[in-house]
Amino acid sequence: VKFLIHLCLLLLVSCLDFGDDIELVGAEITGKEMNQVSELTGLTFPNGTKSIGYYFQGSGIDDALSIKVSIPEGTKDEFLKNEIFQNGNKSKASIQIGRSRSWWKLDELQDRVDVNLQLPKGKYAECTLGKEEGNWIVYISWMST
């Protein structure tokens with residue numbers, strides 16, 4: 001019986017299609033990745049947003065991503081109009097997919113605003129906005145559950 005269970009599990013896992021993990025920093029992050037983040041999370045970014053770090057986990061059963069961006073001074077209020085800030089739960093970020101990355105310094109943020117939102121079809125997003133070294137920085141985590 002144990003043999004049959006292990007065989008079934010092996011066959012099941014071998015049939016799953018896993019992708020690759022991708023990490024990009026700075027100029028390596030293109031409009032393609034930013035559009036992907038917007039599509040998955042529903043977030044829109046103000047003009048002049050600069051990408052700092054991007055990490056996509058495609059090698060697991062469920063896809064997940066994290067991104068860190070800098071939004072221009074004076075666009076904080078515009079960014080806070082995103083649905084996640086309007087309808088999300090105000091609780092500290094707990095799913096920090098990027099925490100093992102050198103550019104992920106979420107704990108250093110000042111004046112932070114944390115929100116999370118359950119999205120349709122088993123998706124989940126967290127967003128934290130705050131000041132880091134004088135700039136408005138946004139940390140986003142997204143996952144498919």
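The first residue of the sequence shown is numbered 1, and numbering continues consecutively from there. All heavy atoms count here, side chains included; hydrogens, waters and symmetry mates do not.
Contact annotation: the side chain of Ile52 approaches that of Ile137 to within less than 4.5 Å [non-hydrogen atoms, C-beta and beyond]. Within the 4.5 Å cutoff, the side chain of Ile140 has no heavy atoms near those of the Glu126 side chain. Side chains of Met34 and Val69 form a contact here, defined as non-hydrogen atoms less than 4.5 Å apart. Counting heavy atoms from C-beta outward, Ile71 and Leu129 have side chains that approach closer than 4.5 Å. When side chains are defined from C-beta on, Val113 does not count as touching Lys90, because their heavy atoms never get closer than 4.5 Å. With a 4.5 Å cut-off on side-chain heavy atoms, Met143 and Gln57 do not count as touching. Side-chain contact between Glu132 and Lys105 is present, with heavy atoms from C-beta onward closer than 4.5 Å. With a 4.5 Å cut-off on side-chain heavy atoms, Arg101 and Val25 do not count as touching.
For Glu83, the salt bridge (charged side-chain N to carboxylate O under 4.0 Å, His left out) criterion is met by no residue, not counting sequence neighbours. Listed by chain and residue number, nothing satisfies the side chain to side chain donor-acceptor pair (under 3.5 Å) test with Ser51 (two or more places apart in sequence, or in another chain). Here Lys131 pairs with Glu73 under the side chain to side chain donor-acceptor pair (under 3.5 Å) rule; sequence neighbours left out. Among residues two or more places apart in sequence or in another chain, the salt bridge (charged side-chain N to carboxylate O under 4.0 Å, His left out) test is passed with Glu33 by none.
The shortest heavy-atom contact between Ala64 and Ile97 is CB-CD1, 3.8 Å. Across Val138 and Cys127, no two heavy atoms sit closer than the pair CG1-SG, 3.5 Å.
Donor-acceptor pairing under 3.5 Å is recorded for the side chains of Asp114 and Thr128. Using modelled atom types, one finds a donor on one side chain and an acceptor on the other under 3.5 Å when comparing Ser91 with Asn116.
Gln118 contributes atom CD, which lies 11.0 Å from atom CD1 of Ile84 (distance to the nearest 0.5 angstrom). Residue Leu117 holds its CG atom at 14.0 Å from NZ of Lys123, rounded to the nearest 0.5 Å. The CG atom of Leu65 sits 11.5 Å away from the CG atom of Asp21 when rounded to the nearest 0.5 Å. Atoms NZ and CG, on Lys81 and Asp77 in that order, are 7.5 Å from each other to the nearest 0.5 Å. Remark: Ser141 OG to Leu106 CG distance equals 8.0 Å, nearest 0.5 Å.
When the shell of 6.0 Å around NZ of Lys50 is examined, it contains 12 or fewer heavy atoms from other residues, nucleotides or ligands. Enclosure of atom CD in Gln86 by more than 12 non-hydrogen atoms of other residues, nucleotides or ligands within 6.0 angstrom is indicated.
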Side-chain donor/acceptor pairs under 3.5 Å, residues 40-49, sequence neighbours excluded:
residue: Thr41; atom: OG1; partner: Val37; partner atom: O; Å: 2.6
residue: Thr41; atom: OG1; partner: Leu43; partner atom: N; Å: 3.2
residue: Thr44; atom: OG1; partner: Asn82; partner atom: OD1; Å: 3.2
residue: Thr49; atom: OG1; partner: Pro46; partner atom: O; Å: 2.6

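When each of Tyr55, Tyr54, Trp103 is checked for a side chain to side chain donor-acceptor pair (under 3.5 Å) with Glu23, only Trp103 meets the rule.
Within the structure, the ring-ring contact (aromatic ring centres under 6.0 Å, His included) test picks out the following pairs touching residues 115-145 (sequence neighbours left out): Trp104-Tyr139.
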